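Every chain is numbered from 1, with letters handed out A, B, ... down the list of sequences. In this text, all values refer to a predicted model and were calculated from it rather than measured experimentally.
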Amino acid sequence: VNPLKEGGAPIEVLLVEDSPGDVRLTKEAFREANGSIRMHVAADGVEAMAFLRREGGHADAPRPDLILLDLNLPKMDGREVLAHIKEDDNLKTIPTVILTTSEAEADILKSYQLQANCYLTKPVQLEAFEMVVKSINDFWLTRVKLPQQAADEKEGETV
Amino acid sequence: MRPREKEARPQVLLVEDSPGDIRLTREAFREANEAVYLHVATDGVDAMAFLKRDGTHVHSPRPDLILLDLNLPKMDGRQVLAHIKADEGLKMIPTVILTTSDAEADITYSYNLQANCYLNKPVQLEAFESLVKSINDFWLVKATLPQKKPAT
């Protein structure tokens with residue numbers, strides 16, 4: 001069990017999801033799986049990019065350790081958000097997990113082509129959904145070595 | 001075990017030069033999921049030949065998952081990763097770094113090159129087996145992987 005980052009900081013997760021029901025279920029499932037996660041929510045693609053780039057009302061947003069990205073979103077859809085993240089040298093190292101109800105082969109292929117770190121299909125049934133969240137926690141937030149905080153933040157400390 | 005069609009089994013390419021680690025990985029997968037078909041390349045050049053079906057690898061299957069060590073003879077894992085992720089035909093194959101290195105430079109470098117994830121190979125046997133099981137459970141059970149053949 002390794003719920004906290006080095007130094008005891010909470011794990012920052014950005015959930016990009018427009019359905020209030022899914023937001024609530026994801027928060028509850030993570031709370032069950034791991035008490036030291038701080039979950040941030042962006043309800044559309046434009047807000048997600050503003051959060052990641054610390055624009056607008058997001059000047060104090062932390063850099064997420066993990067991004068959970070739905071594909072079908074208002075304003076800017078998840079495919080575009082993924083493309084922006086993976087084209088940005090500062091953001092591309094953040095593991096980005098696609099979490100969507102779409103099982104379309106075109107979406108799966110396109111996501112991996114754009115270098116999504118992995119693709120998960122959101123199950124409709126509650127128990128199966130909780131299991132997926134648990135497996136995200138067990139694998140990505142427990143097993144995987146995540147990259148350290150961004151270079152830009154380190155620069156800030158040394159300057 | 002009932003015979004299955006070879007193509008329907010999850011094909012995993014392990015790129016690893018240590019015979020001991022190859023054996024342990026094979027045994028751990030056998031325990032976790034007997035359907036897994038584990039292919040082994042013992043250096044980076046061999047791994048690229050397998051993926052590009054060069055030389056003796058003309059009939060090699062396209063892997064569903066690649067497990068890549070970083071320190072390899074001939075061509076090292078960082079270079080293999082760069083080649084995979086620069087190749088339009090190969091870049092969508094999930095590539096998991098599995099290495100004893102926990103150097104921050106290796107972790108950052110791997111994510112920069114778009115490794116799908118980075119895992120530290122534990123020294124202890126039980127922890128290693130448990131890690132292989134978690135790779136199986138996450139990548140070969142939970143995750144939705146791209147189809148073998150891209151739509152043409």
- Query: What is the distance from atom CD1 of Ile108(A) to atom CG of Leu145(B), rounded to the nearest 0.5 Å?
  - Reply: 9.0 Å
- Would you mind checking which part of Ile107(B) comes under 4.5 Å of any heavy atom in chain A, side chain (CB onward), backbone (N, CA, C, O), both or neither? side chain
- Query: Should Phe138(B) and Leu120(A) count as side-chain neighbours, where that means a heavy-atom distance under 4.5 Å?
  - Reply: yes
- Output every pair passing side chain to side chain donor-acceptor pair (under 3.5 Å) with a member in residues 123-132 of chain B, not counting sequence neighbours, ordered by first then second residue. Arg143(A)-Ser130(B)
- Separation of Lys145(A) NZ from Tyr111(B) OH (nearest 0.5 Å): 10.0 Å
- Calculate, to the nearest 0.5 Å, the distance between atoms CG and OG1 belonging to Leu99(A) and Thr144(B) respectively. 10.0 Å
- Taking Gln114(B) for the side chain and Lys92(A) for the main chain, is one N or O donor matched with an acceptor at less than 3.5 Å? yes
- Message: Heavy-atom pairs under 4.5 Å with chain A - which of Asp102(B), Leu131(B), Ile135(B) has more of them than the others?
- Response: Leu131(B)
- What closest approach, in Å, do Asn116(B) and Ala116(A) show between heavy atoms, and which atom pair accounts for it? ND2-O, 3.4 Å
- Trp139(B) vs Phe139(A) aromatic rings, parallel, tilted or perpendicular, using cut-offs 30° and 60°? perpendicular
- Item | When Met131(A), Glu105(A), Glu103(A) are compared by non-hydrogen pairs under 4.5 Å with chain B, the top option | Glu105(A)
- Query: Do the side chain of Gln113(A) and the main chain of Met92(B) share a donor and acceptor less than 3.5 angstrom apart?
  - Reply: no
- Query: How about Glu28(A): does its CD atom have over 12 heavy atoms from other parts shown lying under 6.0 Å from it?
  - Reply: yes
- Item | Student check: side-chain heavy atoms of Val144(A) and Leu119(B) closer than 4.5 Å | yes
- Side-chain heavy atoms of Thr108(B) within contact of Gln148(A), under 4.5 Å: no
- Query: Around atom CZ of Arg53(A), are there more than 12 heavy atoms of other residues, nucleotides or ligands at under 6.0 Å?
  - Reply: yes
- When rounded to the nearest 0.5 Å, the distance separating CG of Asp138(A) from OG of Ser134(B) is 8.5 Å
- Query: Within a radius of less than 6.0 Å around NZ of Lys142(B), do more than 12 heavy atoms belonging to other residues, nucleotides or ligands occur?
  - Reply: yes
- Query: Quick one: do Leu15(A) and Leu126(A) end up in the same hydrophobic cluster if we chain Ile, Leu, Val, Met, Phe, Trp and Tyr together by side-chain heavy atoms under 4.5 Å apart?
  - Reply: yes
- Could you grab the distance from atom OG1 of Thr93(A) to atom CG of Leu113(B), nearest 0.5 Å is fine? 11.5 Å
- Item | Whether over 12 other heavy atoms sit under 6.0 Å from Lys110(A) NZ | no
- NZ (Lys85(B)) with more than 12 external heavy atoms under 6.0 Å: yes
